[in-house]
There are 2 protein chains.
Amino acid sequence: MIDFERECDVCEELCEHPQNICLAKADAISDEEAQLVAETFKLLGDTTRLKILHALSKRELCVCDIAAVVQMGQSAVSHQLRLLRGSRLVKYRKEGKMVWYSLDDEHISSLLQQGIEHIRHT
Amino acid sequence: MIDFERECDVCEELCEHPQNICLAKADAISDEEAQLVAETFKLLGDTTRLKILHALSKRELCVCDIAAVVQMGQSAVSHQLRLLRGSRLVKYRKEGKMVWYSLDDEHISSLLQQGIEHIRHT
DNA sequence: TTAATACATGAACAGTTATTCATATGTTGA
DNA sequence: TCAACATATGAATAACTGTTCATGTATTAA
């Protein structure tokens, strides 16, 4: 139970609705969490990466196969894979000179699917 | 049933794995869909917008309340709201000189929640 | 060892994006 | 009609992002 009269430091003046603001602040996500979540969504927010992730959600692929599927240069794909690796959205295993990529968990696959469903129902 | 021997136009040379590529191409999302989905995720991929959407997922808020909650200028918030409006992630209703914003559907709220849960389990 | 292959990476560049500032629009109450 | 207020928006700018090109590393086979 929070005493909003005391808790809230922006509860005066103009159009602002103290109660709303205080309540909203009370259950806002932290800056750090917002940052992390945004970072994840940002990675999903690029056509190339989205196609890569979608392809990987179906099967494990090596880099040059990914490049063939998304029709991009190997370098461009490698750069994107580095970002995806960095945020643990994908994992990889080496086999000789090849590297096989796959999604790191099905959580991602589920997010992806939900995004697709969203645009299909709009 | 697809005849991959005939269907696939990139099934030769180097490291590429014809079967994988052809299968992946077969169930790839279209460029247009990928574009749309990416666009949605891109909107979720910014800290300011994410905070706005998260706040709106709890309750309807007017512009200056949003500005107070996310601690941004009114102008910055308005600009972001325009983007969110444009992709129908939020809806609004006017009441006198104020405008009240809320999420357009709970689909968004659910995506948001899933994103938050993702980073909490990593 | 050497050449070929698969992948990674740094630098550079072009395109995009988020914020700020100034100003415009529209509503309300005096 | 005017002043105050809530919101929207155009322009400018700084920061960021994605691709390409050149090159580097590691692995394999000859």
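Within every chain, numbering begins at 1; the chains are lettered A, B, ... in the order of the sequence lines, protein sequences first and strands thereafter. Nothing here was measured: the structure is a model prediction, and the numbers come from that model.
Looking at heavy-atom distances under 4.0 Å, A:Y92 makes no contact with the nucleic acid at all.
With C:dA8, C:dT19, D:dT20 as the candidates, the nucleotide lying closest to the side chain of A:V99 is C:dA8.
Residue-to-nucleotide proximity on DNA chain C shows that, of A:R85 and A:M98, the 5′-proximal contact is made by A:M98.
Close to C:dT19, at under 4.0 Å from its OP1 or OP2, lies a side-chain N or O of B:Q80. Applying the 4.0 Å criterion to OP1 and OP2 of C:dC7, one finds that A:R82 has every side-chain N and O outside that range.
Between its two ends, the helix from C:dT1-D:dA30 to C:dA30-D:dT1 turns its axis by 20°, counting five pairs per end and rounding to 10 degrees.
Taking 4.0 Å as the cut-off between side-chain N and carboxylate O, B:K51 and B:D46 do not count as a salt-bridged pair. Using a 4.0 Å cut-off between charged nitrogen and carboxylate oxygen, B:R59 and A:D27 count as a salt-bridge pair. Salt bridge status for A:D105 with A:R88: absent, with no side-chain N to carboxylate O gap under 4.0 Å.
In this structure, A:H79 counts as stacked on the base of C:dT9 under the 5.5 Å centre distance and 30° plane angle limits.
One N or O donor and one acceptor, one from the side chain of B:S75 and one from the base of D:dT9, sit under 3.5 Å apart.
Side-chain atoms of B:S109 and B:Q113 form no donor-acceptor pair, as typed in the model, at a separation below 3.5 Å.
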